[in-house]
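Below is one structure, written out as C-alpha cells; the observations come after it.
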Amino acid sequence: MKVEFRHVTKTFGDHRVFDDLTGELTFDHVLALVGPSGGGKSTLLRLLAGLDVPDTGTLLVDGVAIPDRETDLRVYRRRIGVVFQAFNLFPHLTALENIILPLEKVHRIAHTDALRRAQDVLERFQLAAHARKHPAALSGGQRQRVAIARAIATRPDFLLLDEPTSALDPEMTGEVLDLIRELRDEGRSLILVTHEMGFARESADLVAFVAGGGVAEASAPDAFFGQPQRAETRRFLERVFRY
Amino acid sequence: MGSSLRQYFFDSPDAPAPRAVRLITVLVMAGLLAAFCWSVLASATSNWDAVWAYRAVFWKGWLLTIGISALALVTSVILAVAVALARRSTFLALRSVAQIYIEIFRGSPLLVLILFGYYGVANAIGADNRLLAGTLILSIFSSAYIAEMIRAGIESVGKTQLESARAIGLTTVQTYRCVIFPQAFRQTLPPLAGQLASLIKDSSLLSIIGLTEFTFAAGQVNSATYSTLESYFPLLIGYLVLTIPISFLSRQLEERFRYES
C-alpha cells in the first residue's frame, strides 16, 4: 500500500499541523503512526479517512487522489473502515444492528444477506454471544471489537484505526490488539495511530514518526526502534520507554 | 428496635421504606385530605341531582377535551420537529424565524394567543371554525415548548456519534433518521409526556372562544343549575383523571431510559 502527500497544509485556528507536507509512505500491510500528542498523527488519519480535507495540497492512496468535495468524500469513505478511540457504536442499537446499519443503508445489501454477514463476522471475532446486547452492556474491549467487526463487515479496501486501545484498561487492550494482529495475519491493509510501541514494533511493517508539521521519519520497526535517525525521534522514544 | 418502627414513617436512600408502606401512606393521606375537604364543603353542596341531570354535557365536553388534546399533541410534535430543525439550520434567515417563533409563542400567555389568534387572525382571514382554529393555536403554543425539548434531545447526541455516522458513509438524512432521532427521541419522551399533561390543562382556556370542551361544558351546567361548586367539581376530577396517569407515565419513562445508553 502507498500513501502520498503533495504539498499538504492543514491548520486548526492558529495551529499549523502540517506545513507543505510532501512525501510518500510505502508498506506491505500495516503502517503505524506514532508521535507526541498534538503532533498531527490523528489529523493525518482523519485526512486519509476523508473526514477532514487539507487546506491546500492533495493526498493519494495507491495513486488515487482523495477527493475534496463532501459528496465525493462520502463515496470514498464507503471503501474504508474507520475505528475511533471510543464511542464508535450507536448506543440505541444492538451489536448486531450496529453492524447491519451501514451494510443496509450505505452498501444497499438486502436485509437477510446483511444479517448473515454480520452474524458471520461476530462469530469469527467470538462475539456471537453478545450480538443482541446494546453497547452499554458490553465491556470496553468488546465494544471496540464490535466496532472493528462493523468496519470489517463492509469489506473495505483498508482500515484506519485511531488509537483504538487508548481508552481501555490493559487487559482489554490485549484483546483488541490480538484482534488487530489477526487482521494483519489475514493480509489486510491497515493504518493505525497508536501509543502501544510494543505492538507497533512487533506488528507494523512501517513505523512513521509524525511531529513538527509532518512525517519526520519512517522506517521498518527494527530500524525505527533500534537506530532512530533523528534526534527528536530518539528523544520521543526515550521518553516513551523510560518506565 | 427504633429502626423497625422508623421504616413505617420515614424513607431515605440508605433506609428505604417498603414499597407497600409508601403506597399505603399516599392512600391514607389522600383519604384524610378528602375527608377534610368534605367536612369544609359538605354543608355547601346540596344540588348534585341538578348537575347529574347534565352528565351528558360533561361527558361530551370531556371527550372533546381529549380529542383536542390528542390532535394538538400530534400537530404540535410535527410543528416542533420542523421548528427544531429550522432552529439548527445553518441558513441564518431560517434559524432566525425559528428563534422568533419560539420566543413569541413561549413568551405570550396562551389566553392572549387564543383571543388574538381567533378573534384577530382567524376572523381576519375568514376562518371561523372554532375547533380547527382553537386546536391550531394550542398546537402552535405547545410546539414552541416541544421544539426546545427536541432541540435539547438532538444536542444531547454526542459529536462522536455524528463522526461515526459520517465515517460509515451515512448521508445527512440517514444520520438524522438512523442515529440522531432515535437517540433524541429517548431524551425527549419524558418531558414530552409532561407537556401532554400541560396541553390537556391548557385546552381549558379554549372555552373562552366558545369551544364546547370540558370547561365550557361545566360553565354551561353552572348557568343552567346555579350550583357553582357542584358544576365545577367534576371538572377538577375530570382533568386529574387525565393528567395523573400521564405524570406517572412520564416518571416511568424517565426511570426506564436513565440506565440505558
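Residue numbers begin at 1 in each chain, while the letters A, B, ... track the order of the sequences.
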More than 12 non-hydrogen atoms from neighbouring residues, nucleotides or ligands closer than 6.0 Å to [atom1] on [X], yes or no?
| X | atom1 | result |
| --- | --- | --- |
| B:R106 | CZ | yes |
| A:F12 | CZ | yes |
| A:R6 | CZ | no |
| A:E171 | CD | no |
| A:R155 | CZ | no |
| A:K10 | NZ | yes |
| B:F185 | CZ | no |

Are side-chain heavy atoms of [X] and [Y] found at a separation under 4.5 Å?
| X | Y | value |
| --- | --- | --- |
| A:P102 | B:L170 | no |
| A:F87 | B:S164 | no |
| B:T171 | A:V106 | no |

If I measure from the heavy atoms of chain B, does [X] come under 4.5 Å with its side chain, its backbone, both, or neither?
| X | answer |
| --- | --- |
| A:R46 | side chain |
| A:Q85 | neither |
| A:F90 | both |

Can you tell me how far the CD1 atom of B:I168 sits from the CZ atom of A:R150, to the nearest 0.5 Å? 5.0 Å

Would you say B:Q183's side chain and A:H92's backbone share a donor-acceptor pair under 3.5 angstrom?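 No, the answer is negative, given that no donor and acceptor are paired below the 3.5 Å cut-off.
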
Does B:R166 use its side chain to pair, donor to acceptor, with the backbone of A:L51 at less than 3.5 Å?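 Here the side-chain-to-backbone pair exists.
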
Mind listing the closest non-hydrogen atom pair of B:Q161 and A:L89 along with its distance?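 In terms of heavy atoms, the two residues are closest at NE2-O, 3.0 Å.
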
Among A:L160, A:L93, A:V82, A:N88, which has the most heavy-atom pairs under 4.5 Å with chain B?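 Heavy-atom pairs under 4.5 Å are most numerous for A:N88.
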
